[in-house]
Amino acid sequence: MKTFNEPNEDVGRFYIRLLAAALFVLVGCVLLALRIYSLQVESYDYYYRLAEGNRISMMPIVPQRGNIIDRNGVTLARNFVAYTLEITPSLVADVEKTIDALSEFIAIEKKDRERFRNFLRDNRRLDSAPIRTRLSDEEVARFMGQRYRFTGVDVQARLFRDYPNGTLGSHLIGYISRISDLDAEKIEARDEAANYSGSMYIGKSGVEAVYEADLHGITGVEHVENTAGGKVVRSLKTEPATPGKDIELSIDIELQKVAEAAFGERRGALVALDPSTGEVLAFVSMPTFDPNLFVDGISNQDWRMLNSSENKPLLNRAVASAYPPGSTIKPFIALAGLNSGKRTLTYKMSDPGGFSYGGHYFKDDKKGGHGVVDIHKSIVVSCNTFYYVLANDLGIDTIAKFIGQFGLGSLSGIDIPDEKEGVLPSTAWKRKRFAKLGPAAQKWYGGETISVGIGQGYNAYTPVQMASAIATIANSGKRMRPRVLRAVTDSHGQREELPPDEVTVISGNPEFLAAVRSALEDVTRFGTATRAFAGAPYRAGGKTGTAQVYSLKGQQYDKSVEHKRDHSWFIAYAPAEEPKIALAVMVENGGFGAVSAAPIARQVIDAFLLKKRVDKPAPEDSGAEPEDEGDNGHLDHGAMQGEGD
């Protein structure tokens, strides 16, 4: 028989279940309330920012890069706006097919494709890459009519850099190019990533690189409202970009034109300074290159052409190459002799045509010698024997200590990148240089000192060092730091001029300096540079130099083989009474200093002092005096080094 539970028993169980359900609902409501409180009160700011971040984007406003001008206000580097056709690879299924389709109505050449691939390879941090730059209005219109077909392809207005003078002064001005991954790493290391947001270019060489911080400017920000699909609806707020500062250089671009034209097809370098301030008036490295090639990303063909050329057009010879100075070292050795007491202004010696030392005979530059020679005549006629003997009497460390004051063998501090120190030889230098080769290789030999005395052996200085050294003589012993920056002007028109920077004052008797200057002036009147300065309406001081670059080892000097031909040097200042310009000219494999380098210097000085504008190469002086033709004596380096202690 079926039994039934007692009613009171069922009611009790029901209430227990009801209480449990009520507690469950209550706990759920409490948890829900706590979660709502957390989301809407405690975490309100956080989620508000997330929501606003989805709705509002910050778009970088790239600042306009500063212009570069010369001392007279002539524009050397400027900006212009142009349209680019850009592809975002992440939004394109097949990039190559897309490019092929675009090329049906937009001219896309092989070099454009190469540049696009290179850009993607070197700039992985950026979303889009340009397939074509500087589109015409017609090309923009044609694309906009077909835009619906190309997801991930768009036209953008971009700022471009332009160098209106082309190859003129390219090693000085430098160039900009697209920011690579390596550049991006350096930017991040400097904690400047935010300021380069949206930027595609950075200075790579010359002034563009050295003064990048001034030229770039400060990136702005535009706050825009987006749809869920990312389409911009409206602009909410704008923090404008601050344009880069305009850079005023000390060079005179008209003088630069004359200087580069004077070289013609010859390789070499020229640096002209204002002796009293250190301002660079002209800065030449030949051959040059066109910086415009790099702005959009240089093509493989152009890159191969520049890098494979035996003339090395990308090498900045003015600061990055060091050469033996030849006889241009003699005025500085003469000053060392006078100030050390090893020589006096009245000292005279007979030049027999050479100097015998350690079993080797060092020949003079003139067969039979120059007769009786003093300090003055030794510079005017460039007598090697005088400096063989003087260098031997001084010793290498005395020479190095004194002429090092002129900045030879050390960085000049010029505001151009990639400057090399060169070599100021000394016993300490040789021990360090040949440390891995043992004591025998580190030992300094007397024969090496003799070759240093006429600017051969281990001597190696850059053209900017030689220009600074002769400028120091012209400036009564005050050495100024060479510089190309003259002033900067900000976006508000505030101009800040850079003051001169005095590095040091050469120790020694001013009377000796005046005596050497007198001899340098007679070099252009009666000495080795007479022909080059014939008819000049001003007085100039100068010194020729012919630097051997190839050890003859007993063979005859053959000037018909270009790469074995001597380097041609000339250092000078003018006018002699109150120098306004000092310069160093070096012509690679140019032969005698009076033949190649001195005529270039004359043309540049004429342009500066007399405002003569010549646009053709300086002629070589085929009628050089006999003294010029033996300026370096054509030493046999292999025979002299290591002989005699």
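Just so you know, these numbers come straight off a predicted model, no measurement behind them.
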S.K.: Begin with the C-alpha distance, continue with both residues' side-chain angles, and end with the deciding distance and a verdict on side-chain contact (heavy atoms from CB on, under 4.5 Å) for Val587 and Phe570.
M.R.: CA-CA 9 Å; Val587 181; Phe570 191 69; over 6 Å; no

S.K.: For the side chain of Asn67 and the backbone of Asp246, is there at least one donor-acceptor N/O pair under 3.5 Å apart?
M.R.: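 Checking the backbone N and O of Asp246 against the side chain of Asn67, no donor-acceptor pair under 3.5 Å is found.
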
S.K.: Quick one: does any side-chain atom of Ser518 pair with a main-chain N or O of Ala514 as donor and acceptor, under 3.5 Å?
M.R.: no

S.K.: Any chance you could lay out the salt bridge (Lys or Arg N to Asp or Glu O under 4.0 Å) test for Asp252 and Arg71, step after step, and finish with the verdict?
M.R.: CA-CA 6 Å; Asp252 180 343; Arg71 67 188 300 121; 5.9 Å; no

S.K.: Flag the pair Asn589 / His567 as yes when at least one side-chain heavy-atom distance between them is below 4.5 Å, and no otherwise.
M.R.: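 Side chain of Asn589 against side chain of His567, heavy atoms only: contact under 4.5 Å found.
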
S.K.: Does NZ or CZ of Lys612 come closer than 6.0 Å to the centre of the six-membered ring of Phe608, within 45° of the ring's axis?
M.R.: no

S.K.: Is the ring centre of Tyr387 less than 6.0 Å from the ring centre of Phe355?
M.R.: no

S.K.: Do you know which two heavy atoms are closest between Gln465 and Glu421, and how far apart they sit?
M.R.: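 Nearest heavy atoms, Gln465 then Glu421: NE2-O, 2.7 Å.
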
S.K.: Could you check whether Tyr538 and Asp606, counting side-chain N and O atoms only, form a donor-acceptor pair closer than 3.5 Å?
M.R.: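 Yes, a side-chain donor-acceptor pair sits under 3.5 Å.
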
S.K.: Is Arg479 salt-bridged to Glu502, going by a charged N under 4.0 Å from an acidic O?
M.R.: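 No salt bridge links Arg479 with Glu502.
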
S.K.: Between Leu76 and Ile251, which heavy-atom pair has the shortest distance, and what is it?
M.R.: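 That closest heavy-atom pairing would be CD1-CD1, 4.3 Å.
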
S.K.: For the residue pair Phe289 and His171, is the inter-centroid distance of their aromatic rings smaller than 6.0 Å?
M.R.: yes

S.K.: Considering only heavy atoms from C-beta outward, does the side chain of Tyr163 approach that of Tyr175 to under 4.5 Å?
M.R.: yes

S.K.: Mark yes or no for whether Gln456, through its side chain, and Gly326, through its backbone, hold a donor-acceptor pair below 3.5 Å.
M.R.: no

S.K.: Return yes if some donor-acceptor pair links the side-chain N/O of Asp566 with the main-chain N/O of Thr546 below 3.5 Å, else return no.
M.R.: no

S.K.: Does Glu208 pair with Arg161 as a salt bridge, N-O distance under 4.0 Å?
M.R.: yes

S.K.: Do Ser507 and Gln405 pair up side chain to side chain, a donor and an acceptor below 3.5 Å, judged on atom types alone?
M.R.: yes

S.K.: For His370, does its backbone N or O pair with a side-chain atom of Lys377 as donor and acceptor, under 3.5 Å?
M.R.: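 A pair under 3.5 Å: yes.
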
S.K.: Counting distance only, does the side-chain N/O of Thr462 pair as donor-acceptor with the main-chain N or O of Val319 below 3.5 Å?
M.R.: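 No, Thr462 side chain to Val319 backbone: no donor-acceptor pair under 3.5 Å.
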
S.K.: Between Lys330 and Ser382, is there a side-chain donor-acceptor contact under 3.5 Å, judged purely by atom types and distance?
M.R.: yes

S.K.: Of the non-hydrogen atoms in Lys580 and Pro575, which two are nearest, and what is the gap between them?
M.R.: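 Smallest interatomic distance, heavy atoms only, reads N-CD, 3.8 Å.
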
S.K.: Test Ser327 against every option in Thr544, Ile571, Asn384 by the side chain to side chain contact (heavy atoms under 4.5 Å, CB included) rule and name the one that passes.
M.R.: Asn384

S.K.: Is it the case that the side chain of Ser170 and the backbone of Thr288 share a donor-acceptor pair, with hydrogens and angles ignored and the cut-off at 3.5 Å?
M.R.: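 Side chain of Ser170 to backbone of Thr288, a donor-acceptor pair under 3.5 Å: no, none is there.
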
S.K.: Can you see which heavy atom on Leu424 is nearest to which on Gly404, and at what distance?
M.R.: CD2-CA, 3.7 Å

S.K.: If only side-chain N and O atoms count, and only distance matters, is there a donor-acceptor pair under 3.5 Å linking Thr398 with Lys401?
M.R.: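 Thr398 and Lys401 do not have a side-chain donor-acceptor pair below 3.5 Å.
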
S.K.: How far apart are the closest heavy atoms of Ile173 and Leu168, and which atoms are they?
M.R.: CD1-O, 3.8 Å

S.K.: Check whether any side-chain heavy atom of Val210 sits under 4.5 Å from a side-chain heavy atom of Leu485, and report yes or no.
M.R.: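 Sidechains of Leu485 and Val210: no contact.
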
S.K.: Distance only, no hydrogens: is a donor on one side chain within 3.5 Å (strictly under) of an acceptor on the other, for Thr385 and Asp351?
M.R.: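 A pair is found: one side chain offers a donor N or O, the other an acceptor, under 3.5 Å apart.
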
S.K.: May I ask you to check whether over 12 heavy atoms, not counting those of Arg433, lie within 6.0 Å of atom CZ?
M.R.: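 Counting neighbours around CZ of Arg433, 12 or fewer heavy atoms of other residues, nucleotides or ligands fall under 6.0 Å, so no.
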
S.K.: Can Asp364 and Tyr388 be counted as having a side-chain donor-acceptor contact under 3.5 angstrom?
M.R.: no

S.K.: Any side-chain to backbone donor/acceptor pair from Arg517 onto Ala474? Under 3.5 Å, distance only.
M.R.: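 The answer is yes, because a donor-acceptor pair under 3.5 Å joins these two groups.
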
S.K.: Taking the ring centre of each residue, are Phe332 and Phe406 less than 6.0 Å apart?
M.R.: yes

S.K.: When you look at CD of Glu577, are more than 12 heavy atoms from neighbouring residues, nucleotides or ligands closer to it than 6.0 Å?
M.R.: yes

S.K.: Ion pair present between Lys342 and Asp393, side-chain N to carboxylate O less than 4.0 angstrom?
M.R.: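 Result for this pair is no, no salt bridge flagged.
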
S.K.: Would you say Glu497 has more than 12 foreign heavy atoms packed within less than 6.0 Å of its CD?
M.R.: yes

S.K.: Could you pull out the closest heavy-atom pair between Ala336 and Leu394, with the gap in Å?
M.R.: O-CD2, 3.9 Å

S.K.: Is the closest side-chain donor-acceptor distance between Ser468 and Ser412 under 3.5 Å?
M.R.: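 Ser468 vs Ser412: no donor-acceptor pair found between side chains.
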
S.K.: Has the side chain of Thr75 got a donor or acceptor atom that lies under 3.5 Å from a matching backbone atom of Ile68?
M.R.: no

S.K.: Would a distance-only check, ignoring hydrogens and angles, find a side-chain to backbone donor-acceptor pair under 3.5 Å from Asn459 to Val452?
M.R.: yes

S.K.: Mind checking whether Asn316 and Asp418 have side chains closer than 4.5 Å, heavy atoms only?
M.R.: no

S.K.: Do Lys312 and Glu310 sit within salt-bridge range, that is, some charged N less than 4.0 Å from a carboxylate O?
M.R.: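 Salt bridge: no.
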
S.K.: Which distance, rounded to the nearest 0.5 Å, do you find between the CG of Leu390 and the CG of Leu338?
M.R.: 8.5 Å

